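Everything on this sheet refers to the single structure shown next.
So that the names make sense, note that chain A is the first sequence line, chain B the second, and so on, each numbered from 1. Since this is a predicted model, take the numbers as computed values, not measurements.
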Amino acid sequence: MSEEKSIREIRLEKLNKLREIGVDPFLQEKYDISHGSGHILNHFDSLQDIEISFAGRIVSLRIMGKAAFAHLSDGEGKVQCYFKKDDIGQLAWDVVQLLDIGDHLGVKGHLFLTKTGEKSIYVKELSPLSKCLNNLPLGKEKDGEKWYGLSDTEQRYRHRHLDLICNKDVRKMLVDRMKIVSAVRRYFDDIGYLESETPVLQQIAGGAAARPFTAHYNAYDLDVKLRISLELYLKRIICGDIPKVYEIGRVFRNEGVSNRHNPEFTMLEFYEAYVNLEDMMTRVEELFKFVSMHVFGTNVIQTQGIEIDFSKPWKRVDLLKELEERSGIKPEELSELSSALVAMKRVGLPTEKEDNLGGIIEKLLEKFVEPHLIEPTFVIGYPVETSPLAKRDPNNPKFTRRFEGYIGGREICNAFSELNDPIDQLERFNQQLQERAKGDDEAHPMDEEFIYAMECGMPPTGGCGIGLDRMAMVLTGSNHLREVLLFPMMKPE
RNA sequence: GAAUCGGUAGCUCAGCCGGUAGAGCAACGCCCUUUUAAGGCGUGGGUCGUGGGUUCGAAUCCCACCCGGUUCACCA
């Protein structure tokens, strides 16, 4: 307000001056780049005597009388450029005076070493490629130590482009995440899976226990929900005799935000006919190994202070046995609701809200077992009440042929031998409806079309779901889901 | 939803036992033809998250609210 001229106004004036001398940065459509920053710095010696053209954002600028230095960043890395008035001429020198940190610039010249030994471009020609109208929070650093930058978390998430420009480690993590998703696709494509795209707008949001978002479709005057999982549609594709299918897609759950939760997140689900639970374990093992190798070039990654070698098979444990080992509660105690409640009380957990045996078992699992599942582990055999879409275990019909995979104490995947018996599936849905009637608004809804598809014949099938964001967290060693989400959910300012 | 910490210049922060604001970087001007956290001299820039209250006087104390971080709860 009281400021004579804002930075934006000053920069607009510079833009106009550039236009007056016939150098309009916004008229440029392209710039031929001979080498990227990595190539220039890594192959510096062999690039001597060659004309180099390079382009990037000005991230530092030092004008000294009749010469100037700037660092240009192409995102991957930055290269210093040297401008000397006598060599570039008056017009180009005038242009240099009108440059700012944040502008994009193209340069042509040859490589040389400065007095202090920095690999640099001796510029002969330059070409402004865009004008930055704002003051960018670009920090300075020396010897790896950083003095300034953008560190306010709120600003970083609200203005992610600034975060990407200013924070190299942030950029790397988000780029790694993109590469992870790409590698996941390649894994499934290579082994003959077909990628599908199923509806996001659904009338019955099933496949998981979660509150959905709702929307309204005007043309049909119809209330619709945003999907909470991919499962039921993908299994209908299996029923249509496409035997290997996967989808990577955004799902939406109307729940809170935390370190490990965002209302929209990316789910990977894959289904394969004629295979079972054990085959799904192999798939998960192979997938993590493949992705780790293709993104990081190694089977061994560091996450949360531990080292994980994905060339080794994951540990396999039985849910009830592991629970007994960690809590002392015997499997027999968990065969009836009444005895389970007694056991739960004995180990010091509140029992008031519990009226579901499966729910109790999962709660005990969460408290006693999950924190210990540091190395990659499959926990096998989940209760039938909380697994309405999984085949029963023939040896113990109160449990299912289902497993969850854990790394670093965090749930990574959920898989089962898919229930393909339509009679049983209908019963399970009816049980879920009873739960819903009792007030559980996350109980699974009835989906008659899904039942119909199954009645037409569904082959035995193995299926698995993986939260890709959580997978990216593990592989990048991040403690926060938001660090691997480009634009996490934020309340309006 | 609960506890707790925070919101001061474009950025990173200081000031907070009440006396209406400071630093570094960024910006502007001048000098400087191999600098690199370039340097030297000078200049400008803030409704101190929002709204109330206490007070002669509030960035500072009190209350409410907004936004964010962390931990917990919820999320099978």
Side-chain angles (χ1 to χ4, degrees), chain A residues 1-11 13-14 59-71 78 80-88 93 96 100-102 112-118 120 122 132-159 162 165-167 208-211 228 253-263 265 350 353-354 356-366 382-389 402 404 411 414 432 435 440 442-444 467 479-480 482 488 490-493:
Chain A
M1 189 79 182
S2 56
E3 200 172 351
E4 283 291 312
K5 274 181 200 165
S6 70
I7 284 174
R8 192 164 180 281
E9 287 168 332
I10 292 164
R11 293 202 172 187
E13 281 178 12
K14 288 184 180 177
V59 294
S60 72
L61 181 61
R62 298 175 288 284
I63 297 180
M64 309 179 307
K66 297 187 177 62
F69 289 90
H71 277 99
K78 54 188 181 181
Q80 181 172 254
C81 298
Y82 175 60
F83 309 86
K84 189 173 170 183
K85 184 183 175 186
D86 293 347
D87 287 323
I88 59 175
W93 185 247
V96 169
D100 282 301
I101 288 175
F112 79 115
L113 273 182
T114 63
K115 273 184 187 170
T116 52
E118 178 161 351
S120 307
Y122 197 112
C132 172
L133 300 179
N134 292 305
N135 208 347
L136 298 186
L138 275 163
K140 296 190 174 184
E141 56 184 307
K142 189 187 186 183
D143 303 330
E145 195 175 350
K146 200 165 181 182
W147 270 266
Y148 314 100
L150 186 68
S151 68
D152 182 78
T153 317
E154 186 173 353
Q155 297 306 316
R156 288 182 43 226
Y157 294 155
R158 289 194 194 279
H159 310 295
L162 294 177
I165 292 167
C166 301
N167 295 322
R211 268 175 280 270
I228 57 173
R253 298 187 181 178
N254 209 335
E255 289 157 1
V257 169
S258 85
N259 266 354
R260 296 173 201 85
H261 299 86
N262 197 65
F265 61 99
K353 289 188 290 183
E354 306 301 333
N356 178 312
L357 185 57
I360 292 175
I361 292 171
E362 295 218 1
K363 195 147 283 180
L364 291 168
L365 178 77
E366 196 178 307
Y382 281 70
V384 69
E385 296 94 327
T386 55
S387 313
L389 301 164
R402 170 182 168 195
E404 290 195 349
E411 181 192 332
N414 179 24
Q432 291 290 317
E435 293 295 321
D440 178 2
E442 293 188 358
H444 203 288
N479 283 318
H480 306 269
R482 292 170 150 208
M490 299 292 277
K491 271 196 188 182
E493 281 177 285

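- Residue A/K66 places none of its side-chain N or O atoms closer than 4.0 Å to OP1 or OP2 of B/C31.
- Of the listed nucleotides (B/G10, B/U70, B/C28), B/G10 has the atom at the smallest distance from the side chain of A/N135.
- When the nucleotides B/C67, B/U34, B/U12 are ranked by their closest atom to the side chain of A/F112, B/U34 comes out on top.
- To the nearest 0.5 Å, the span separating CG on A/L138 from CG on A/L61 amounts to 11.5 Å.
- Across the strands present, B/G6 finds its partner in B/C67; the criterion is a Watson-Crick or G-U wobble pair with both atom distances under 3.5 angstrom.
- Taking atom P on both nucleotides, B/C25 is separated from B/G39 by 7 Å, rounded to a whole Å.
- One can place CZ of A/R62 at 14 Å from C1' of B/C32, the figure rounded to the nearest angstrom.
- Across all strands, A/N356 comes closer than 4.0 Å to no nucleic acid atom at all (heavy-atom distances).
- The shortest distance between side-chain heavy atoms of A/E385 and A/L357 falls below 4.5 Å.
- Side-chain proximity of A/P137 to the nucleotides B/C11, B/G68, B/U34 is greatest for B/C11.
- Nearest to the side chain of A/R482, among B/A27, B/U34, B/G68, sits B/G68.
- Among the atoms of the strands shown, base atoms are found under 4.0 Å from some heavy atom of A/I63.
- Under the 4.5 Å side-chain criterion, counting only non-hydrogen atoms from C-beta, A/R482 is in contact with A/V257.
- Ring-plane geometry between A/Y82 and A/F112 is classed as tilted, the angle between the planes lying from 30 to 60 degrees on a 0 to 90 degree scale.
- Within 4.0 Å (heavy atoms only), A/A210 reaches no atom of the nucleic acid at all.
- Residue A/M64 contributes atom CE, which lies 8 Å from atom C1' of B/C32 at whole-angstrom precision.
- Taking every side-chain heavy atom of A/Y157 into account, B/G69 is the closest of B/G69, B/C13, B/U33.
- Comparing A/H71 and A/R211 against RNA chain B, the residue whose closest nucleotide sits nearer the 5' end is A/H71.
- Side-chain N/O atoms of A/K491 include one lying less than 4.0 angstrom from OP1 or OP2 on B/C67.
- Residues A/G117 and A/G139 each lie close to RNA chain B; by heavy-atom proximity, the contact nearer the 5' end of the strand is made by A/G139.
- For the C1' atoms, the distance from B/A59 to B/C48 is 4 Å, rounded to whole Å.
- Side-chain contact check for A/K66 versus A/D86: every heavy-atom pair is 4.5 Å or farther apart.
- The distance from atom CZ of A/R260 to atom P of B/C72 is 7 Å, rounded to the nearest whole Å.
- For the P atoms, the distance linking B/U12 with B/G49 amounts to 15 Å, nearest Å.
- You'll find the side chain of A/T386 reaches within 4.5 Å of the side chain of A/R402, heavy atoms only.
- Across the strands present, B/U20 finds no partner; the criterion is a Watson-Crick or G-U wobble pair with both atom distances under 3.5 angstrom.
- The base of B/U35 lies close enough to the side chain of A/T114 for a donor and an acceptor atom to sit less than 3.5 Å apart.
- Comparing the P positions of B/A64 and B/C5 gives a spacing of 14 Å, expressed to the nearest Å.
- The listed nucleotides are B/U71, B/U34, B/C13; the one nearest the side chain of A/Y82 is B/U34.
- Across all strands shown, A/Q80 has heavy atoms under 4.0 Å from base atoms, whether or not it also approaches the sugar-phosphate.
- Proximity of A/H480 to the phosphate of B/U70: a side-chain N or O atom is located under 4.0 Å from OP1 or OP2.
- As rounded to the nearest Å, B/A58 and B/U20 have C1' atoms that lie 8 Å from one another.
- With distances taken from any side-chain atom of A/F69 to the nucleotides B/C11, B/U35, B/U33, the minimum falls on B/U35.
- Counting any heavy atom pair closer than 4.0 Å across all strands shown, A/D87 reaches no nucleic acid atom.
- Straight-line distance from the CD1 atom of A/I7 to the C1' atom of B/G10: 5 Å, rounded to whole Å.
- Between the NZ atom of A/K14 and the C1' atom of B/G29 there is a distance of 12 Å, rounded to whole Å.
- Checking B/U71, B/U34, B/U12 against every side-chain atom of A/Y122, the shortest atom distance belongs to B/U34.
- Straight-line distance between the C1' atoms of B/G10 and B/C28: roughly 14 Å, to the nearest whole Å.
- Remark: B/C74 base-pairs with no nucleotide; criterion is Watson-Crick or G-U wobble with both hydrogen-bond distances under 3.5 Å.
- Looking only at distances, no side-chain donor or acceptor of A/R62 sits under 3.5 Å from a matching main-chain atom of A/F69.
- Put simply, CD on A/E255 is 14 Å from C1' on B/G1, counting in whole angstrom units.
- Taking only side-chain nitrogens and oxygens, A/S6 never comes nearer than 4.0 Å to OP1 or OP2 of B/A27.
- Nucleic acid contact class of A/E442 (heavy atoms, under 4.0 Å, all strands): sugar-phosphate only.
- Each of B/A27, B/C74, B/G69 was ranked by its minimum atom distance to the side chain of A/R11; first place goes to B/A27.
- Separating the CD atom of A/Q155 from the C1' atom of B/A26 is a distance of 16 Å, rounded to the nearest angstrom.
- Summarising the base pairing, B/C41 is matched to B/G29 through a Watson-Crick or G-U wobble pair whose two defining distances lie under 3.5 Å.
- Using C1' as the reference atom, B/U8 and B/U47 are 12 Å apart when rounded to the nearest Å.
- Nucleic acid contact for A/P492: sugar-phosphate only, since backbone atoms but no base atoms lie under 4.0 Å from a heavy atom of the residue.
- Atom CZ of A/R156 is separated from atom P of B/U12 by 11 Å (rounded to the nearest Å).
- Scanning for salt bridge (Lys or Arg N to Asp or Glu O under 4.0 Å) contacts around A/E13 gives A/K5, with sequence neighbours left out.
- Of the candidate nucleotides B/U33, B/U35, B/G68, B/G68 has the atom nearest to the side chain of A/M490.
- Using C1' as the reference atom, B/A9 and B/A21 are 11 Å apart when rounded to the nearest Å.
- Side chain of A/R156 to backbone of A/L150: no donor-acceptor contact under 3.5 angstrom is found.
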